[in-house]
Undergrad: 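Attaching a single structure in structure tokens format; questions to follow.
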Amino acid sequence: MDESSWKENRNSDPVAAEIKNLDAIWFVGGDQTYITEALFNPDQTESKVLKAIWDMYKNGGVLGGTSAGAAIMSDVMLAGGGSLETLTKGFTNTYNGMEQQEGGPGYLERGLGFFQHGIIDQHFNNKARLGRLIATAHEKGNHGQLSYGIDEDTAMVVNNLKQKIEVVGRGGVTVIDLTKVSTNPKIKSEYKNILLSTIAPGDSVDLKTKEIQIDEHKTRTKGNEYSDFDAAPHSGVLTAHGTLSKFLSYQLVDNSREKEVKAYSFDKGKGVELTFRKTKETDGFWGYKDGSKDDYSVVNVVVDITPIAVKDE
């Protein structure tokens, strides 16, 4: 079967009519540029099929997607790039396909815009995409909106009627707030006062107020921290609690000894230092998930990013 001919279906009246009668559409994973290429005309206008999807959605239909199918949901679509490279090198206008999703400068395209409340990234913890989402949200996003990084095996469920986001699944969602961010135009990749939250299944975000609500089964850790130890810098595969959410929970927020912790990323002598700080607004919450696993949520950790040089001795 010649799948290349399917692109012509984007302006097929019978296909558009069929879509309008659906209750839900699911976008699969892969390369998100294939999805947008199939639904936008070559001049970037909306095809008949894309207009039909919008009609179905506005009439109460459900849209969902995994991986690439999640990336397409926001207006600004992340299609490639690694965290360190996007922070230090910025963005590129060229795209080499799937290999670029694992590294290189950031690559962006126009998304489908079904989610109008910020930028979405995916595979977030597993592929360490914090840096590229911060850089993208700062350079290309609306600083008055939040940005969202969705973990694997996790859904960010958007309820447009209630104007609410809820986290469902086995992972979490990282929420980035740039309303207080500052940068130095003379120093590339320097950011100060980024607000970062990592929320878990059962937690939610009010899209109107941007307030985060924590699942009621959790108790506050602030003032009742479980740990009291010197946290080692975060870098590499030998680092305990290596994912972002666990690093912030165990090493910083539920650790009374540390007021800040650091993480590093570098390549060929150049890199960045990330400093995660607790303030009066920082809060932590803990519970047992299914009675067998620590379940943390962290709200309003402050992140500073500083460029560094690394020397061999």
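What you are looking at is a predicted structure, and each value in this text was computed from that prediction instead of being measured.
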Undergrad: Which atoms form the tightest heavy-atom contact between Ile19 and Val49, and what is the distance?
TA: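 In this case the closest contact between Ile19 and Val49 is CD1-CG1, 3.4 Å.
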Undergrad: Is atom CZ of Phe266 surrounded by more than 12 heavy atoms (other residues, nucleotides or ligands) closer than 6.0 Å?
TA: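 Incorrect, the count does not exceed 12.
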Undergrad: I'd like to know if the side chain of Tyr191 pairs up with that of Asp304 as donor and acceptor (distance under 3.5 Å, no hydrogens or angles considered).
TA: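 No, no side-chain donor-acceptor contact under 3.5 Å.
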Undergrad: Mind checking whether Ile72 and Val173 sit in one hydrophobic cluster, side chains of I, L, V, M, F, W, Y counted as touching below 4.5 Å?
TA: yes
Undergrad: Would you kindly confirm whether Val299 and Val302 end up in one hydrophobic cluster when ILVMFWY residues are joined by side chain heavy atoms under 4.5 Å apart?
TA: no
Undergrad: For Lys218 and Ser297, test the side chains for any donor-to-acceptor distance below 3.5 angstrom and give the result as yes or no.
TA: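 Result is yes, a qualifying pair exists.
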Undergrad: Would you find more than 12 non-hydrogen atoms of other residues, nucleotides or ligands less than 6.0 Å from Arg257 atom CZ?
TA: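 Buried by this count: over 12 neighbours within 6.0 Å.
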Undergrad: Under 4.5 Å between side-chain heavy atoms, hopping through other hydrophobics if needed: is there a path connecting Phe91 to Ile134?
TA: yes
Undergrad: Working to the nearest 0.5 Å, report the span between OG of Ser83 and CZ of Arg129.
TA: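 One gets 8.5 Å once the value is rounded to the nearest 0.5 Å.
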Undergrad: Evaluate whether atom NZ of Lys164 has more than 12 neighbouring non-hydrogen atoms of other residues, nucleotides or ligands under 6.0 angstrom away.
TA: no
Undergrad: Measuring from Met77:CE to Leu112:CG, what's the distance to the nearest 0.5 Å?
TA: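 Rounded to the nearest 0.5 Å, the CE-CG separation comes to 7.5 Å.
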Undergrad: Indicate whether the side chain of Thr306 and that of Glu273 have a donor and an acceptor atom separated by less than 3.5 Å.
TA: no
Undergrad: Would you say that Met156 contacts Val167 through its side chain, given a criterion of any heavy-atom pair below 4.5 Å between the two side chains?
TA: no
Undergrad: Tell me whether the count of non-hydrogen atoms from other residues, nucleotides or ligands lying under 6.0 Å of NZ in Lys51 goes above 12.
TA: no
Undergrad: Please indicate whether Gln44 has more than 12 foreign heavy atoms, meaning atoms of other residues, nucleotides or ligands, lying under 6.0 Å from its CD.
TA: yes
Undergrad: For His123 and Glu152, test the side chains for any donor-to-acceptor distance below 3.5 angstrom and give the result as yes or no.
TA: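 There is such a pair between these side chains.
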Undergrad: Hey, are His217 and Asp295 close enough side-chain-wise for a donor-acceptor pair under 3.5 Å?
TA: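 There is such a pair between these side chains.
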Undergrad: Checking Asp294 against Tyr226: is there a side-chain donor and acceptor pair closer than 3.5 Å?
TA: no
Undergrad: Which atom names give the shortest non-hydrogen contact between Ala52 and Lys20, and what distance separates them?
TA: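 Scanning both residues, the minimum pair turns out to be CB-CG, 3.8 Å.
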Undergrad: To the nearest 0.5 Å, what is the distance between CZ on Phe247 and NE2 on His241?
TA: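 Reported value, rounded in 0.5 Å steps: 10.5 Å.
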Undergrad: Does any donor atom in the side chain of Tyr34 or Gln32 lie under 3.5 Å from an acceptor atom in the other side chain?
TA: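 Judged by distance alone, the side chains do not pair up.
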Undergrad: Which heavy-atom pair separates Glu258 from Phe229 by the least distance, and what is that distance?
TA: CG-O, 3.7 Å
Undergrad: Is the shortest heavy-atom distance from the side chain of Val301 to the side chain of Lys278 under 4.5 Å?
TA: no
Undergrad: For Tyr264, is the OH atom crowded, meaning more than 12 foreign heavy atoms sit under 6.0 Å from it?
TA: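 It does: Tyr264 OH has more than 12 such atoms within range.
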Undergrad: Testing the 3.5 Å rule here: is there a donor-acceptor pair between the side chains of Asp151 and Asn126?
TA: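 Note: Asp151 and Asn126 side chains miss the donor-acceptor criterion.
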Undergrad: Using a 6.0 Å distance limit plus a 45 degree cone around the ring axis, check whether Lys222 lies over the aromatic ring of Phe285.
TA: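 No, Lys222 does not sit over the ring of Phe285.
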Undergrad: Show your reasoning for whether salt bridge (Lys or Arg N to Asp or Glu O under 4.0 Å) applies to Glu102 and Lys127.
TA: CA-CA 8 Å; Glu102 302 300 327; Lys127 297 195 176 184; 2.8 Å; yes
Undergrad: Could you go through the salt bridge (Lys or Arg N to Asp or Glu O under 4.0 Å) check for Lys262 and Glu260 one step at a time?
TA: CA-CA 7 Å; Lys262 295 182 182 294; Glu260 66 178 41; 3.6 Å; yes
Undergrad: Does Phe124 have its ring centroid less than 6.0 Å away from the ring centroid of Tyr148?
TA: no
Undergrad: Rounded to the nearest 0.5 Å, what separation is found between the CG atom of Leu207 and the CG atom of Asn160?
TA: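 One gets 8.0 Å once the value is rounded to the nearest 0.5 Å.
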Undergrad: Same hydrophobic cluster for Leu78 and Leu244, using side-chain heavy-atom links shorter than 4.5 Å among ILVMFWY?
TA: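 Yes, same cluster.
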Undergrad: Give a yes or no on whether the backbone of Gln251 and the side-chain of Asn255 come within a donor-acceptor separation of less than 3.5 Å.
TA: yes
Undergrad: Asn224 and Asp254: which non-hydrogen atoms are nearest, and at how many Å?
TA: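 Heavy atoms of Asn224 and Asp254 come nearest at O-OD1, 4.3 Å.
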Undergrad: Give the minimum heavy-atom separation between Ser256 and Asp228, together with the two atoms involved.
TA: OG-CB, 3.5 Å
Undergrad: Could you state the interatomic distance from CG (Leu274) to CG (Leu87), rounded to the nearest 0.5 Å?
TA: 7.5 Å
Undergrad: Looking at Lys246, I'd like to know if its NZ atom is crowded, meaning that more than 12 non-hydrogen atoms belonging to other residues, nucleotides or ligands lie closer than 6.0 Å.
TA: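 Check fails, neighbour count at 12 or below.
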Undergrad: Quick one: closest heavy-atom pair of Ser249 and Val298, and the distance?
TA: OG-CG2, 3.5 Å
Undergrad: To the nearest 0.5 Å, what is the distance between OG1 (Thr66) and CD1 (Ile150)?
TA: 9.0 Å
Undergrad: Checking Gln116 against Asp75: is there a side-chain donor and acceptor pair closer than 3.5 Å?
TA: yes
